[in-house]
Amino acid sequence: MKIYERHIFREVFKAILLVLIALIALYAFFDSIESMKDVGRGQFGASHAFAYVGLRLPGRVYELLPIAVLIGALYALSSLARHSEITVLRASGLSTGKLLFLLFKVAVVFAVGALLLGEILVPASERLAQQMRTRAIHNIIAQEFASGLWVRDGRSFVNIRSVSLDTELSGIRIYQFDDMNYLKHVTEAQHGSYVDAGKWRLSDISRTVLEVGRDGNQPYARVEQEQEFLWDSALTPDIVALIMVPPERMSLISLVTYLRHLSGNRQKTERYEIALWKKFFYPASALVMIALAMPFGYGHSRMSGVSLQIFSGVMIGVLFHMLNGLFSSLGILRAWPPLLSAALPSILFLSVALSMLWYAERR
């Protein structure tokens, strides 16, 4: 790598990293204030609040990375332009394509980091954060496995195979134990919906009851069938939604596995398919943000112009973040192809970036 390439790479990389740290610190502060509202509920204390915020930081880094790349690159390029370094390099023969390719090298580093973060750290930390919060506030122990969601509810252990977007349960199995920790009965239900006041209406029920024979030594089991049953539980739709990791925070392997399960049961998969495609396009958005920042490198060198460019970068980054979620929701409502819903924000912003580059070159 040539001297000027190392210089530009270093300046842009440092600026993006500093902006990312600043954004994370800001969001961590707001998350801490929000988390403090739960202090005093159940066993949730200040230490739980800070631990919860810390466990959610990887997810915040993943969300804020495109915005940090845009603002950091804008600041670095504007600073280079203010010191006439970009002008000198262009006069020395540095083309727009070469400069863009160099900036893409910086973006690739952050894109790969986002991909690894979203696949390895974010799903595990998000799950751990929600489990810790739910256990401290509601005294409910839950864990998500390949077999579904497992929840400890008093003297019962509950296995829920899947939860729909409106928190309808399917594939429910309840293992009820007595005070001596002996299994009393196992209740299986095909579907479950929340009624109110901690009650769920279960349907298509099969209950296996374990009883001891008259002589006290010969246990036996009998099976009961019911159409409906009201199940008293500390679980609520809000708690179930908290326990379940949202599709956007799941890993690729988890998404593919869950998609197969939903398809096999003929359930809606649009939201999970969109989340799957976004796993590929979201890290690549770092390259789109770099391309958007590139035209500002040809801007004016006045400090007021730099401030305006930074403000523009913040607004563009916020707009991208909002549209990313908006198109996902529209894709579900309008039944758009999942690939289109996931890729459309990046395509739109890339088109804007290329148009701005073309205009900057002609000018």
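Just so it is clear, the structure is predicted and the values come from calculations on it, not from any experiment.
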Walk me through whether Leu20 and Leu65 qualify under side-chain contact (heavy atoms from CB on, under 4.5 Å). CA-CA 7 Å; Leu20 182 60; Leu65 194 61; 3.8 Å; yes
Item to complete: Following the transitive rule for hydrophobic clusters with a side-chain heavy-atom cut-off under 4.5 Å over Ile, Leu, Val, Met, Phe, Trp and Tyr, establish whether Leu115 and Val112 coincide in one cluster.
Response: no
*Connected via hydrophobic side-chain network under 4.5 Å: Val106 and Leu18*: no
Output for pair (Ile205 CD1, Ile172 CD1), nearest 0.5 Å, gives 8.5 Å
Could you tell me whether the side chains of Ser203 and Glu228 share a donor-acceptor contact shorter than 3.5 Å? no
On a heavy-atom basis, the closest approach of Leu252 and Lys279 is CD2-CB, 3.7 Å
Taken to the nearest 0.5 Å, the spacing of Ile33 CD1 from Phe30 CZ works out to 6.5 Å
Is any side-chain heavy atom of Leu276 less than 4.5 Å from a side-chain heavy atom of Met250? no
- Query: Are Lys184 and Leu210 close enough that some pair of their side-chain heavy atoms sits under 4.5 Å apart?
  - Reply: no
In terms of side-chain geometry, is the basic nitrogen of Arg207 or Glu188 positioned less than 4.0 Å from the acidic oxygen of its partner?
no
Q. Are any non-hydrogen side-chain atoms of Thr187 and Gln176 less than 4.5 angstrom apart?
A. no
Just wondering, are more than 12 heavy atoms of other shown residues or ligands nearer than 6.0 Å to CD in Gln227? no
### Task
Following the transitive rule for hydrophobic clusters with a side-chain heavy-atom cut-off under 4.5 Å over Ile, Leu, Val, Met, Phe, Trp and Tyr, establish whether Leu26 and Ile67 coincide in one cluster.
no
Report yes if some heavy atom in the side chain of Phe50 is under 4.5 Å from a heavy atom in the side chain of Tyr52; otherwise report no. no
Handout entry: Expected output: side-chain Ser156 to main-chain Arg152 donor-acceptor under 3.5 Å
Key = no
Taking every heavy atom of Ala342 against every heavy atom of Phe281, the minimum-distance pair comes out as O-CB, 4.1 Å
- Does atom CE of Met36 have more than 12 heavy-atom neighbours from other groups under 6.0 Å away? yes
Original post:
Hey, mind stepping through His191 and Leu169 against side-chain contact (heavy atoms from CB on, under 4.5 Å) and telling me if it holds?
Top reply: CA-CA 6 Å; His191 305 284; Leu169 312 181; over 6 Å; no
Check this for me, if you would: do Glu5 and Lys2 make a salt bridge, where the nitrogen-to-carboxylate-oxygen distance has to be below 4.0 angstrom? no
Ser341 and Gly331 have their tightest heavy-atom pair at OG-CA, 3.2 Å
Q.
I'd like to know whether CH2 of Trp277 has more than 12 heavy-atom contacts from other residues, nucleotides or ligands below 6.0 angstrom.
A. no
CG of Leu354 to CZ of Phe349, rounded to nearest 0.5 Å, is 13.5 Å
Fill in: Ionic contact status for Arg56 with Asp31, cut-off 4.0 Å
no
| task | Just do the side-chain contact (heavy atoms from CB on, under 4.5 Å) check on Ile160 and Val158 with the steps written out, would you? | result | CA-CA 6 Å; Ile160 303 170; Val158 185; 3.9 Å; yes
With the side chain counted from C-beta on, respond yes when Leu339 and Phe280 share a heavy-atom pair under 4.5 Å apart, and no when they do not.
no
When you compare the side chain of Phe327 with that of Leu348, does any pair of heavy atoms fall below 4.5 Å? yes
Interatomic distance, CZ@Arg155 vs CZ@Phe177, rounded to 0.5 Å, equals 9.0 Å
Q) Do the non-hydrogen side-chain atoms of Tyr175 and Leu183 ever get within less than 4.5 Å of each other? A) yes
Is it the case that atom CZ in Phe104 sees more than 12 heavy atoms from other parts of the structure closer than 6.0 Å? yes
| said: With a sphere of 6.0 Å drawn around CZ of Phe29, does it hold more than 12 non-hydrogen atoms of other residues, nucleotides or ligands? | reply: no
| query | Taking the inter-plane angle between the rings of Tyr62 and Tyr282 on a 0 to 90° scale, is it parallel (under 30°), tilted (30 to 60°) or perpendicular (over 60°)? | reply | tilted
Legend entry - Distance-only donor-acceptor check, side chains Glu224 and His185, under 3.5 Å: no
Rounding to 0.5 Å, atoms CG (Leu102) and CG (Leu89) come to a distance of 9.5 Å
Looking only at heavy atoms, the pair that brings Ser251 and Pro123 closest together is N-CG, 3.6 Å
Note to self: Donor-acceptor pair, distance only, cut-off 3.5 Å: does the side chain of Thr269 make one with the backbone of Tyr272?
What the structure shows: no
Notebook entry, point to check: If we only count heavy atoms from C-beta on, is the Phe110 to Pro283 side-chain gap below 4.5 Å?
Noted result: no
Exercise. Same hydrophobic cluster for Leu17 and Val12, using side-chain heavy-atom links shorter than 4.5 Å among ILVMFWY?
Worked result: yes
Scanning both residues in full, the closest heavy-atom pair of Gly72 with Ala15 reads O-CB, 3.3 Å
For Leu202 and Ala189, the nearest pair of non-hydrogen atoms, with its separation, is CB-CB, 3.8 Å
| query | CG of Leu333: more than 12 outside heavy atoms within 6.0 angstrom? | reply | yes
Margin query: Under 4.5 Å between side-chain heavy atoms, counting indirect links through other Ile/Leu/Val/Met/Phe/Trp/Tyr residues: same cluster for Met356 and Leu350 or not?
Written below: yes
Step by step, work out the side-chain contact (heavy atoms from CB on, under 4.5 Å) result for Ile137 and Arg133. CA-CA 6 Å; Ile137 294 177; Arg133 184 177 183 275; 3.7 Å; yes
The reported gap from CG in Leu57 to OG in Ser125 (rounded to nearest 0.5 angstrom) is 8.5 Å
